[in-house]
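All heavy atoms count here, side chains included; hydrogens, waters and symmetry mates do not.
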Amino acid sequence: MKKILFAFLCLAVCGNAFAKDHKKGFIFVPENVVIETVENVKTKSDETFVYMQGQIVKALGDEKYTFTDKTGEIVLEIDNDEFDGVTVAAGEFIEVSGEVDKDMMKPAKVDVKSIKKIEKPKK
């Protein structure tokens with residue numbers, strides 16, 4: 001019985017150690033990434049993966065933010081762990097990637113998977 005308990009405890013500790021660094025490592029970004037505009041993202045199908053460049057202009061609470069580019073505004077949903085140490089002030093330029101999230105009878109939003117600061121938009 002003690003051996004089983006010890007084995008279970010070791011497994012729990014080791015599993016937790018591996019889980020902590022799940023966001024570190026190589027992230028593949030294709031060379032032919034198309035930077036979408038907010039206007040274009042709003043026409044995409046649910047769960048379409050997109051890249052956008054622009055600015056966060058307002059925190060809405062509950063991990064939601066108003067994002068803008070030269071074509072309009074859209075809500076970003078950014079889980080706190082997706083910031084991954086990046087601090088973004090209102091008005092700073094960022095590039096985000098994520099999935100379009102369309103719920104019936106609600107405006108489209110983007111569920112952000114990664115975020116990084118940039119000097120200025122490429123387009």
Between the main-chain N or O of Glu99 and the side-chain N or O of Glu47, is there a donor-acceptor pair closer than 3.5 Å? no
I'd like to know if the side chain of Lys58 and the backbone of Ala90 have a donor-acceptor N/O pair within less than 3.5 Å. no
Return the set of residues passing side-chain contact (heavy atoms from CB on, under 4.5 Å) with Lys64 (not counting sequence neighbours), or none when no residue passes. Leu60, Asp62, Val75, Glu77, Lys109
Kindly write out the residues that satisfy side-chain contact (heavy atoms from CB on, under 4.5 Å) with Thr37, not counting sequence neighbours, or none if the list is empty. Glu39, Asn40, Asp69, Thr71
Correct closest heavy-atom pair for Asp46 and Val100 would be OD1-O, 3.2 Å
Taking all heavy atoms of Tyr65 and all of Ala59, pick out the closest pair and write down the distance. CD2-CA, 3.7 Å
I need the [X] [atom1] to [Y] [atom2] distance, nearest 0.5 Å.
X: Thr66; Y: Ile56; atom1: OG1; atom2: CD1; result: 9.0 Å
X: Met52; Y: Ser97; atom1: CE; atom2: OG; result: 9.5 Å
X: Asp103; Y: Met105; atom1: CG; atom2: CE; result: 12.0 Å
X: Phe67; Y: Leu76; atom1: CZ; atom2: CG; result: 6.0 Å
X: Gln53; Y: Ile118; atom1: CD; atom2: CD1; result: 3.5 Å

Is a salt bridge present between Glu36 and Lys44, judged by a nitrogen-to-oxygen distance below 4.0 Å? yes
Please determine whether residues Val57 and Ile78 belong to a single hydrophobic cluster, defined as Ile, Leu, Val, Met, Phe, Trp and Tyr linked transitively by side-chain heavy-atom distances below 4.5 Å. no
Please say yes or no: joined through hydrophobic side-chain contacts below 4.5 Å, possibly via intermediate residues, are Phe83 and Val110 part of one cluster? yes
Contact between [X] and [Y] at the side-chain level, heavy atoms closer than 4.5 Å - yes or no?
X: Gln55; Y: Val88; result: no
X: Glu119; Y: Phe93; result: no
X: Val86; Y: Lys116; result: no

Salt bridge (charged side-chain N to carboxylate O under 4.0 Å, His left out) between Glu92 and Lys117, worked out: CA-CA 7 Å; Glu92 289 184 307; Lys117 286 185 187 181; 3.5 Å; yes
